[in-house]
Colleague: 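Below is the structure I would like to discuss, written out as structure tokens.
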Amino acid sequence: SPAYSPSSPSSPAYSPSSPSSPAYSPSRPTTVYSGNTNPSFKPVSPTGAPTLKSGGGGYSTTAKVVAAGTTGAAIGISAGTFLYGGRHSSPSCRGTYRYSSSYCPRGRSTTKHTCNEQIPLCPIPETVRERWYVGSYPYVEVVSDASTCTLKADQGFLAVDSGSNSSSEQLALDDCLEQVILEGSCETSRFTFDEESGKCGCCAAGADSTPLPANNDTRRFASAVYSFSFSSPFEEHGPPTHCVSGATLNWPEKSESSDGGGGGDGNATANSAGYVDRTVDCECGMCTSCGSPRTSYFDWSGAYPVPPALLADEFEVVISSDASAELTYDPVDTCICNTDGESCYFSGATATTLPGSSAVLVVIVASALGFGRLP
């Protein structure tokens, strides 16, 4: 893993005057809104889930206990826990049972560094960055939780092939997306996926999302409606440079044919796209020291900060206090493992629930730096 260097071409220098990197300050506001870079003060859905378009995020700055669903069962959440977003998420990640659901992909960072409200980052190995696919890539966003849609009349539900005859095989959102893309005629670019039944298909033109009955939280949050689009954000600016220390990094590797002509080993979203989904452990030691504090903008499907050059269109939204703003990339405070210049801040937060999360009981474990809040 190459050492982080502020002057390295693969690790853009932090600039307090850059519009994509607001100046680092020793204090942070306690107002809940999308652009607040303190992970403890992000808006949440009525079930306490992150409100980002991708469905990911919700980084936990401290250990806490939440009561899930109508039963009020206590679930412990470790410090550094977050939800993966985009096509690496799942419908159940949007419900109150997300931390106990075996369907919902979660990550966890190292937590040995001093500033617990800064997400610790490690350099992505150059061997990974060199093989990173930067062509057109499918991005998934949440349209509506706990819902389904009317499917195209000529399609019916697509049977998701898990590659196994075992009925216990858990199907993934990415499996459904693969089927929808390969079917090739989803003009609406919207689809529904039920992770328990495995039902999956393209939403019909003009079809609205249909909410599922609210009498069973576990069952209704097994299904959701999503949209998909294709983009190649890294083609011009290069692949990401850092990942979350201690967590698993999802990344697309170039296949043998990256020109759309096939290739891959069968676990890519669409082999004909020229990439294969891979994972790698994001590691650079225990990360007991973490310096070079900065604001980074996360794609939680990875999870990783995106190059600052991608952020120009969103900056005006980020610096506003609009709690309802829907951001593509999540602005959060980060630090770089094993570098000098540790600088913590105190938010002055109190242990209370956020607006819209009254259904979730929050019990905070105090830290030396103050108190965190859900998510």
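Since we're looking at a predicted model, the values are computed, not measured.
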Colleague: With a 4.5 Å heavy-atom cut-off, do Asp277 and Arg87 have their side chains touching?
Modeller: yes
Colleague: Quick one: does Tyr84's side chain get under 4.5 Å of Thr248's, heavy atoms only?
Modeller: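 Touching, per the 4.5 Å side-chain cut-off.
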Colleague: Between the side chains of Tyr99 and Thr81, is a donor N or O closer than 3.5 angstrom to an acceptor N or O?
Modeller: no
Colleague: Does the side chain of Arg129 reach to within under 4.5 Å of the side chain of Thr241, using non-hydrogen atoms?
Modeller: yes
Colleague: Assess the side chains of Thr61 and Asn116: does a donor N or O sit below 3.5 Å from an acceptor N or O?
Modeller: no
Colleague: Is the SG of Cys337 found under 2.5 Å away from the SG of Cys284?
Modeller: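 The sulfur gammas are not closer than 2.5 Å, so no.
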Colleague: Please check if the distance between the ring centroids of Tyr97 and Phe221 is under 6.0 Å.
Modeller: no
Colleague: So, Ser185 versus Lys152: side-chain donor-acceptor pair below 3.5 Å or not?
Modeller: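 Yes, Lys152 and Ser185 have a side-chain donor paired with an acceptor closer than 3.5 Å.
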Colleague: So which atom in Gln118 and which in Cys344 form the shortest heavy-atom distance, rounded to 0.1 Å?
Modeller: NE2-CA, 4.2 Å
Colleague: Determine, for Arg219 against Asp194, whether the closest basic-nitrogen to carboxylate-oxygen distance falls under 4.0 angstrom.
Modeller: yes
Colleague: Which heavy atom of Leu212 sits nearest a heavy atom of Ser147, and at what distance?
Modeller: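 Taking Leu212 first and Ser147 second, the nearest heavy atoms are CG-CA, 3.9 Å.
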Colleague: For Arg94, is there any backbone N or O sitting under 3.5 Å from a side-chain donor or acceptor partner on Thr47?
Modeller: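 Yes, the answer is positive, given that a donor and an acceptor are paired below the 3.5 Å cut-off.
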Colleague: To the nearest 0.5 Å, how far apart are CD in Glu117 and CZ in Phe41?
Modeller: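 Output value for this atom pair is 7.5 Å.
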Colleague: Using the rule ring pair (Phe, Tyr, Trp, His ring centres under 6.0 Å), only one of Tyr275, Tyr304, Tyr137 pairs with Trp132; which is it?
Modeller: Tyr304
Colleague: Which pair of non-hydrogen atoms, one from Ser90 and one from Cys104, has the smallest distance, and what is that distance?
Modeller: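 Closest heavy-atom pair between Ser90 and Cys104: OG-CA, 3.5 Å.
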Colleague: For residues Cys186 and Phe228, determine if any side-chain heavy atom of one lies less than 4.5 Å from a side-chain heavy atom of the other.
Modeller: yes
Colleague: If you compare all heavy atoms of Ser209 against all heavy atoms of Arg190, which two are closest, and at what distance to 0.1 Å?
Modeller: OG-NH1, 3.9 Å
Colleague: Taking atom types as modelled, is there a side-chain donor on Ser245 or Thr110 under 3.5 Å from an acceptor on the other?
Modeller: yes
Colleague: With a 2.5 Å cut-off on the SG atoms, do Cys335 and Cys115 make it?
Modeller: no
Colleague: Locate the shortest heavy-atom distance separating Cys203 from Thr188; write the atom from each residue and the value.
Modeller: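 Answer, listing the atom of Cys203 first, then Thr188: O-OG1, 2.8 Å.
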Colleague: Could you tell me which non-hydrogen atom of Leu249 sits nearest to which non-hydrogen atom of Cys243, and how far apart they are?
Modeller: CD1-CB, 4.0 Å
